[in-house]
Amino acid sequence: MKSDLSVRGMRDYYPDVYSRLQHIINAWRKTALCYGFEEFEGPVIESLDLYKIKSGDEIIRQLYNFTDKGGRELALRPELTPTLARMIAKVQSEAPKPIKWFSIPRCMRYEKPQKGRLREFFQFNVDIIGEEEGLGDVEVISVAIDSLVALGLTERDFVVKINNRDFVSEYFKSMGVSEDISLRLYKIIDNARKVDEQTTRDAIDELNFNQAQKKALDDYLAIKNIQDLKSLSYTNDGKEALIYIFSLLEAAGMDDFCSLDVAVVRGLDYYTGTVYEIYDRSERMRAICGGGRYNHLLKEFGGIEIPACGFGMGDVVLGEVLAEKGLLPAYSRQIDYFLVRITEEELGTLLKVAHSLRQKGFIVEHTYRPLAVKKQMARASKVGANKVVIFGADELGDGKVTEKDMLTGKELKKALTDYIQ
RNA sequence: GUGAGCGUAGUUCAAUCGGUAGAGCGCAAGAUUGUGGAUCUUGACGUUGCGGGUUCGAGUCCCGUCGCUCACCCCA
């Protein structure tokens, strides 16, 4: 192998790979648009400070940053939310609420590449700004669901696991658990799906809960569905919100895709209400999508408190899920007409027909060099041409050409004027 | 950032106890000259990721390095 100048973790989208990416992106865009979301885009490069606001200095280890020729500290965007927040801050006072925006940014993260995680990826972002918890959250979740359905997935393939941050934090607080211990508990609960039961049990034991706290935790973990939640004697605003959200999901016909999962707790640092993650039912992969409500986040960027919710869905895990289920379309070129000439005498006529057909919107190709007819036919076959039109002196003398259907192999004579009008 | 496995033609892979590299696919040319997908024939392409060491001799063993993959950390 010769020297490879490609950059680590960056992706080369060869035509077949790119067509599969486009397949995913098209489904995302189409779905968001039909819910009335407006598409926007931001810069690929942002100031490094923008990312420090939310995450502090340690974020630098996980993103691409550099100093430009003017001495500015910059970063390649690792996500879109800070950009969205920055842009919203400038227009939020005059923009009619709610603001419904979506974007499909190309993002970069300085991480060690592994399954489901690359340094470069596309992420479908859908957000509603200026609307309190309720139907907006359900609509955003519906966009996520419908975009997956548009790609051929069904309720048997994936599940939206929903929880509520307020419900969890208030519940733990009522157990008499400190904020500190709560954070450790979140991690343990989140990790539970990856490790065996005993490991989880041991980790919980280390927290030294008293009998009442253990009971409360067991009760919490025993909540497996919305019915369990409803019958729970304990209540708080988060619980009521969850019940309300599920009633709306049912009304919208989305409930088959959704389930309450009290183990969905990670990424809770800035979420304030409804939170969710979408998983392949096999659960053998990372989350396909994650999102929720973040009512205080925009204040950190723009200084004004404004409620918001949204999700991010990457192309990497989703692409793996679709590939595993055979839902990515096989790649093939689509050529409507491949024009073949017997000799260079017919080249002029061929070019005129080519142009005319292209004006009508057909995809037309021909060889550049005057190859043997056999070679031209082989080429037509290889590029997947539906029809071949042969330009030869014999037929052209009568103002005709031969059109061959490459699937059936049948040929028929057609008038030149059928192509040029 | 930590750990494990793997790096052989464009690609997928093979090469016994260390004995100086091979196949399929693909690509190119051809099988009497206005017709493709099949078959057949022929051909091109490798300093075995890179550097060093052990050895008479290394694709094979050892060290380093880079890269890929997977897991951990992290996941905005």
Side-chain angles (χ1 to χ4, degrees), chain A residues 1-11 14 16 46 50-63 75-85 105 107-119 121 123 125 186-187 190-191 194-195 265-271 275 277 284-287 289-292 294 297 300-301 310-312 314 316-317 320 332 335 338-346 367 370-396 401-411:
Chain A
M1 212 166 299
K2 310 294 176 289
S3 66
D4 186 356
L5 296 176
S6 56
V7 176
R8 174 160 208 214
M10 298 298 108
R11 297 205 268 166
Y14 287 88
D16 57 331
E46 288 278 11
L50 183 68
Y51 302 108
K52 287 186 182 169
I53 290 174
K54 202 166 72 177
S55 318
D57 283 352
E58 67 274 18
I59 195 74
I60 295 173
R61 190 172 79 94
Q62 293 162 57
L63 51 70
L76 298 183
R77 63 182 172 196
E79 59 163 331
L80 194 68
T81 306
T83 298
L84 170 68
C107 298
M108 306 284 181
R109 290 182 189 177
Y110 197 83
E111 292 183 287
K112 202 163 240 185
Q114 56 193 283
K115 192 170 174 61
R117 244 172 134 186
L118 303 173
R119 288 185 170 187
F121 56 94
Q123 193 183 55
N125 282 258
Y186 289 160
K187 268 208 183 331
D190 177 48
N191 236 19
K194 286 203 245 175
V195 299
V265 289
R266 68 178 180 169
L268 281 179
D269 50 338
Y270 65 81
Y271 286 120
V275 290
E277 290 176 342
R284 302 208 64 79
M285 290 191 232
R286 294 165 183 281
C289 170
Y294 47 98
L297 183 64
E300 297 188 45
F301 294 92
F311 69 79
V316 182
V317 175
E320 282 170 2
S332 69
I335 302 292
F338 197 91
L339 310 187
V340 169
R341 57 199 187 272
I342 307 301
T343 73
E344 289 309 90
E345 290 298 309
E346 293 85 37
T367 63
L371 299 176
V373 172
K374 186 184 280 188
K375 289 281 174 197
Q376 295 185 61
M377 293 301 295
R379 176 75 188 166
S381 189
K382 183 147 290 178
V383 300
N386 290 319
K387 285 176 177 163
V388 163
V389 180
I390 300 167
F391 295 76
D394 296 354
E395 302 94 316
L396 281 175
V401 293
T402 299
E403 183 178 293
K404 177 167 184 170
D405 186 304
M406 293 298 274
L407 246 152
T408 64
K410 290 209 172 98
E411 294 188 3

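Order of the sequence lines fixes the chain letters, A, B, ..., with proteins taken first and strands second; residue numbering starts at 1 for each chain.
- Under a cut-off of 6.0 angstrom, the local environment of NZ in Lys387(A) is sparse, with at most 12 non-hydrogen atoms contributed by other residues, nucleotides or ligands.
- Base contact: Arg61(A) has a heavy atom under 4.0 Å from a base atom.
- The distance between atom CG of Asn191(A) and atom C1' of C74(B), rounded to the nearest whole Å, is 12 Å.
- Heavy atoms of Gly409(A) sit under 4.0 angstrom from at least one base atom.
- Ranking A29(B), C27(B), G34(B) by closeness to the Lys382(A) side chain, first place goes to C27(B).
- On the C1' atoms, C61(B) is 34 Å away from A44(B), given to the nearest whole Å.
- In the set A76(B), G34(B), C70(B), A76(B) carries the atom at the smallest distance from any side-chain atom of Gln62(A).
- Note: CD (Glu346(A)) to P (U35(B)) measures 14 Å, nearest angstrom.
- Using a 4.0 Å heavy-atom cutoff across all strands shown, Glu111(A) reaches at least one base atom of the nucleic acid.
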Apply side-chain contact (heavy atoms from CB on, under 4.5 Å) to the pair Phe121(A) and Met108(A), showing each step before the final yes or no. CA-CA 7 Å; Phe121(A) 56 94; Met108(A) 306 284 181; over 6 Å; no
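- Applying the 4.0 Å criterion to OP1 and OP2 of C72(B), one finds that Lys112(A) has every side-chain N and O outside that range.
- U11(B) and G49(B) are spaced 13 Å apart, taking the P atom of each and rounding to whole Å.
- Taking atom C1' on both nucleotides, C13(B) is separated from C6(B) by 14 Å, rounded to a whole Å.
- Lys187(A) comes within 4.0 angstrom of sugar-phosphate atoms only, judged by non-hydrogen atoms across all strands, and of no base.
- If you find the closest nucleotide of RNA chain B to Arg379(A) and to Glu79(A), the one lying nearer the 5' end belongs to Arg379(A).
- Counting all heavy atoms, side chain and backbone alike, Gly310(A) lies closest to Tyr294(A) at N-CE2, 3.7 Å.
- Taking the side chain of Val373(A) as heavy atoms from C-beta on, and the options U35(B), A76(B), C72(B), the nearest nucleotide is U35(B).
- At the phosphate of A31(B), neither OP1 nor OP2 sits under 4.0 Å from any side-chain N or O atom of Lys374(A).
- Distance noted for atom P between G26(B) and C68(B): 29 Å (whole Å).
- Comparing the C1' positions of C66(B) and G24(B) gives a spacing of 30 Å, expressed to the nearest Å.
- Judged by the 6.0 Å distance and 45° axis criteria, Arg119(A) is positioned over the aromatic ring of Tyr110(A).
- Atom P of nucleotide C70(B) and atom CD of Glu320(A) are separated by 7 Å, given to the nearest angstrom.
- Between Lys375(A) and Thr402(A), the one whose closest nucleotide on RNA chain B sits nearer the 5' end is Lys375(A).
- Residue contacts shown for Ile390(A) include a base, since a base heavy atom lies under 4.0 Å away.
- The listed nucleotides are G34(B), C75(B), U35(B); the one nearest the side chain of Arg117(A) is C75(B).
- Across the strands present, C68(B) finds its partner in G5(B); the criterion is a Watson-Crick or G-U wobble pair with both atom distances under 3.5 angstrom.
- Base pairing of G10(B) is made with C25(B), judged by Watson-Crick or G-U wobble geometry with both donor-acceptor distances under 3.5 Å.
- Separating the CD atom of Glu403(A) from the C1' atom of U35(B) is a distance of 15 Å, rounded to the nearest angstrom.
- Residue contacts for Ala378(A): at a heavy-atom cut-off of 4.0 Å it reaches the sugar-phosphate backbone alone, with no base atom in range.
- Across all strands shown, G51(B) forms a Watson-Crick or G-U wobble pair with C63(B), both key distances being under 3.5 Å.
- Within 4.0 Å (heavy atoms only), Gln123(A) reaches no atom of the nucleic acid at all.
- Rounded to an integer number of Å, the gap from CD of Glu344(A) to C1' of G34(B) is 14 Å.
- Closest to the side chain of Gln114(A), out of A71(B), G36(B), G34(B), is A71(B).
- Lys115(A) places its NZ atom 20 Å from the C1' atom of C73(B), with the value rounded to the nearest Å.
- As rounded to the nearest Å, G19(B) and U42(B) have C1' atoms that lie 32 Å from one another.
- One atom, CZ of Phe311(A), and another, C1' of A76(B), lie 16 Å apart when rounded to the nearest Å.
- Within 6.0 Å of the CD atom in Glu345(A), the count of heavy atoms belonging to other residues, nucleotides or ligands does not exceed 12.
- At a cut-off of 3.5 angstrom, counting only N and O atoms as typed in the model, there is no donor on one side facing an acceptor on the other between the side-chain of Gln376(A) and the base of U35(B).
- The gap from the P atom of G53(B) to that of U69(B) amounts to 31 Å, rounded to the nearest Å.
- Searching all strands for a Watson-Crick or G-U wobble partner of U16(B) with both distances below 3.5 Å returns nothing.
- Taking each heavy atom of Arg286(A) and Val317(A) in turn, the nearest pair found is O-CG1, 3.4 Å.
- A21(B) and A9(B) have their C1' atoms separated by 10 Å, given to the nearest Å.
- Taking a pair to require two hydrogen-bonding distances under 3.5 Å in either a Watson-Crick or a G-U wobble arrangement, G30(B) pairs with C40(B).
- Scanning all heavy atoms of the two residues, the minimum distance from Glu346(A) to Ala393(A) falls at OE2-N, 3.6 Å.
- Considering every non-hydrogen atom in both Tyr271(A) and Gly291(A), the closest pair reads OH-CA, 3.6 Å.
- Nucleotide G36(B) holds its C1' atom 5 Å from the CE atom of Met377(A), rounded to whole Å.
- A58(B) is unpaired under the criterion used here, namely a Watson-Crick or G-U wobble arrangement in which both key atom distances are under 3.5 Å.
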